[in-house]
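Computation of the quantities below employed the complete heavy-atom set of this structure, encompassing side-chain atoms and omitting hydrogens, waters and symmetry-equivalent molecules.
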2 protein chains.
Amino acid sequence: MKKKITIKEIARELDVSISTVSKAMSNSSEISKDTIEKVQAFAKLYNYKPNNIALSLKNKKTKNIAVIIPEIVHHFFTLIISGIEKKANELGYNVIVCLSNESFDKEVINMETMANGQIDGFLLSLSKETLLKKDFHHLREVINQGMPLVMFDRTSDEIYCDKIIIDDARASYNAIQHLIYSGCQRIALITTADYISIGKLRTQGYVNALYDAGIELDENLIVKVDKVEELDEKVKHLFDTEKFDAVFGVNELYAVVAMREAHNRGFKIPQEMSFIGFSDGILSKYSYPTLTTVIQHGFEMGEKAAKMLIDRLETNDDESSFKTEVIKTSILERESTKPI
Amino acid sequence: MKKKITIKEIARELDVSISTVSKAMSNSSEISKDTIEKVQAFAKLYNYKPNNIALSLKNKKTKNIAVIIPEIVHHFFTLIISGIEKKANELGYNVIVCLSNESFDKEVINMETMANGQIDGFLLSLSKETLLKKDFHHLREVINQGMPLVMFDRTSDEIYCDKIIIDDARASYNAIQHLIYSGCQRIALITTADYISIGKLRTQGYVNALYDAGIELDENLIVKVDKVEELDEKVKHLFDTEKFDAVFGVNELYAVVAMREAHNRGFKIPQEMSFIGFSDGILSKYSYPTLTTVIQHGFEMGEKAAKMLIDRLETNDDESSFKTEVIKTSILERESTKPI
DNA sequence: TTGTATGCGTTATCAG
DNA sequence: CTGATAACGCATACAA
């Protein structure tokens, strides 16, 4: 078990000073060619690698960024992380992933521990609880400390920082329009509670699309699901009490579960009933029939978020005010909708 | 923008020495009650938090552990990470997630950068490429440096370290037995290339179960899929050329895709054809019909792996030889199989 | 061309 | 009870 070797040990072995070794390792022009070769050969032999912690302490930067997400068991977040990872690595940064589990407290703790030197900046998507409480003191704190923060997907207007979002209202509007163009008239909406900003925005798009098409809004066709456990029951209730020819789900799970129910009740899909889901994941791809979805381009979102944060990190130009970048969505037609 | 305050600044402001502040913060009995109160009040006011990097450098431990996985867009890995995160956080550790993207080089780079002081230990599931190359020098290196390594799921016999695995052969055996008991006779297997240890083991279990039941092995019923892109084609080919009454997929995707094909060809499920998949994810849960699966208990696996690593980290007792823990699997019956 | 000293933020040892 | 100093591993300004 040969422990890691340090500069100091190399210096002792080679009978030179620590700083000579340090300089030699970085090919400093101050050091003679001979010495450089000798030192580097020795270093290589003993597999010397500088200690990152020491470098972090000295340079006051860690080359780490933290991404805090509510849940990892979601295809969308998983795509975002992959995108973040890829871009961050390209630019020489490591990614530390923290899960808030939709809990405010966990989000705060995560941020506090990471903020104490572990990382150079944050990438954050707010937890449900935080969205509900509207308590953002922990965000303000890190921003005040001068630590860059980029929010993505689940953001808040109350915080000034860089943001990357999906144009949820527009995306939802487009999806509904798509259904209308394909001949649907009574479109049900399965959405989240309003405090989730994305749920609210997507509902907004639904309402606007109907309005613009001259279709009267029927509140009974809107189902709000707070917890996953309620989903089945609420969907069944919708089928029991209402008639409709299309369903728009604000995530793929909602749409797939509704589609399943329709299937069980003998509806022909998409002839008698069409379905569109939000966020393209494996569920949509492998459901039966396959589900038409709004693609959010999570991977690109992750890449852009990472880029945005690292740009902010590496430019002193603090003048430049905060940007909000909007990621375009697109609709991927599959079997659950009629062609237009 | 008030930057983070340090002990040194507190000392200066309060006109005491640095070491007094340090001791006061840790309620040392050496320090007078008055001073402790004064210091702590001031620290609280300025929201002092010790710098973790400095602590890491001093203590030679970071309280971070790294988990390196091949892919994050997999429900199983996602569950494992959640388990690791939970347990690690409970025990006071942060988790750094790195993705190898099934690439040997990326795996090596990830390990090398993390090993230089960033973390105290590794949790690792091997990439496909590493499994293929059988080049494990990077693992040996970190082990030699005295850094604990716990491998999970995709492991290698060539490396001595703690391991957590699924009893893949047994699990597969049980699944096939289940199919046989329910009346199936010609069971197709969709598996991965042999160099993936888990694919090999699961194939093994399939073979043994057939043998023990006195069913002759028909190589034509075994489909080996290397890349996801081949999946559709190979499944179709199977249906085109063979007759069978059940399919066992070594992951849920394989099973779901096969089930879909059966559905499209008009087979009644499970009456005419049964399906079991490995690894219980959302696909199985929301497929149509819902898929009977082998549950791998990924979350528990993650928890145990984290526990194992941290135990190793916190006990000096290096004597204790390496353990390999086997996680039990179970079968979750859903709609795609006949009751026994 | 090489070496010495200092500092990054903290704790621990030892002296006062 | 309080404070000075060394040490963790490294880089760098400055001295030789």
- request: Would you check if there is a donor-acceptor pair between the side chains of Ser28(A) and Ser26(A) at a distance under 3.5 Å?
  value: no

- prompt: Taking CD1 from Ile31(B) and P from dA4(D), how many angstroms apart are they, rounded to a whole number?
  reply: 13 Å

task: Establish, from distance only, whether the side-chain atoms of Lys4(A) and Asn47(A) form a donor-acceptor pair under 3.5 Å.
output: no

message: Rounding to an integer number of Å, can you tell me how far Asn52(A) CG sits from dA11(D) P?
response: 11 Å

message: In this structure, how many angstroms lie between the P atom of dA4(D) and the CD1 atom of Ile7(B), rounded?
response: 15 Å

task: Using whole Å, report how far CG of Leu55(B) lies from P of dA7(D).
output: 19 Å

Phosphate OP1/OP2 of dA7(D): any Lys60(B) side-chain N/O under 4.0 Å: no

query: Expressed in angstrom and rounded to an integer, what is the separation of Lys8(A) atom NZ from dA11(D) atom C1'?
result: 15 Å

query: What nucleotide among dC10(D), dC8(D), dT1(C) has an atom nearest to a side-chain atom of Ser32(A)?
result: dT1(C)

query: Quick one: is Ser19(A) getting a side-chain N or O under 4.0 Å of the dC10(D) phosphate, OP1 or OP2?
result: no

query: Is the closest basic N to carboxylate O distance between Lys8(B) and Glu13(B) below 4.0 Å?
result: no

field: Any Lys33(A) side-chain nitrogen or oxygen under 4.0 Å from OP1 or OP2 of dT1(C)
entry: no

d(CG, Asn59(B); C1', dC8(D)) in whole Å: 9 Å

query: What is the distance, rounded to the nearest whole Å, between atom CD1 of Ile36(B) and atom P of dT2(D)?
result: 9 Å

message: Given dG9(D), dG9(C), dG3(D), identify the nucleotide with an atom nearest to the side chain of Ser17(B).
response: dG3(D)

- prompt: Which nucleotide sits closest to the side chain of Lys58(B): dC8(C), dT11(C), dA11(D)?
  reply: dT11(C)

message: Looking only at the side chain of Glu30(B) (C-beta and beyond, no hydrogens), which of the listed nucleotides dT2(C), dC14(C), dC8(C) gets closest?
response: dC14(C)

- prompt: Nearest nucleotide by nearest heavy atom, which residue falls closer to the 5' end of DNA chain D, Pro50(A) or Ser29(B)?
  reply: Ser29(B)

- prompt: Phosphate oxygens OP1/OP2 of dT2(D): is one of them under 4.0 Å from a side-chain N or O of Thr35(B)?
  reply: yes

message: Between Lys128(A) and Glu107(A), does any side-chain N to carboxylate O distance fall below 4.0 Å?
response: no

query: How close or far is atom C1' of dA12(C) from atom CE of Met25(B), stated in whole angstroms?
result: 17 Å

query: Reckon Thr6(B) has a side-chain N or O less than 4.0 Å from the OP1 or OP2 of dG9(C)?
result: no

- request: Would you confirm whether Asp105(A), through its side chain, and Ile109(A), through its main-chain N or O, come within 3.5 Å as a donor-acceptor pair?
  value: no

statement: Of Ile18(A) and Thr20(B), the one whose nearest nucleotide on DNA chain D sits closer to the 5' end is Thr20(B)

message: Do the side chains of Lys133(A) and Glu129(A) get close enough for a salt bridge, i.e. N-O under 4.0 angstrom?
response: no

task: Choose from dC10(D), dA4(D), dC8(D) the nucleotide whose nearest atom is closest to any side-chain atom of Ala54(A).
output: dC10(D)

- prompt: Any donor-acceptor pair under 3.5 Å between the side chain of Lys23(A) and the base of dG3(C)?
  reply: yes

- prompt: Is Leu57(A) touching bases, backbone alone, or none of the nucleic acid, heavy atoms closer than 4.0 Å?
  reply: base

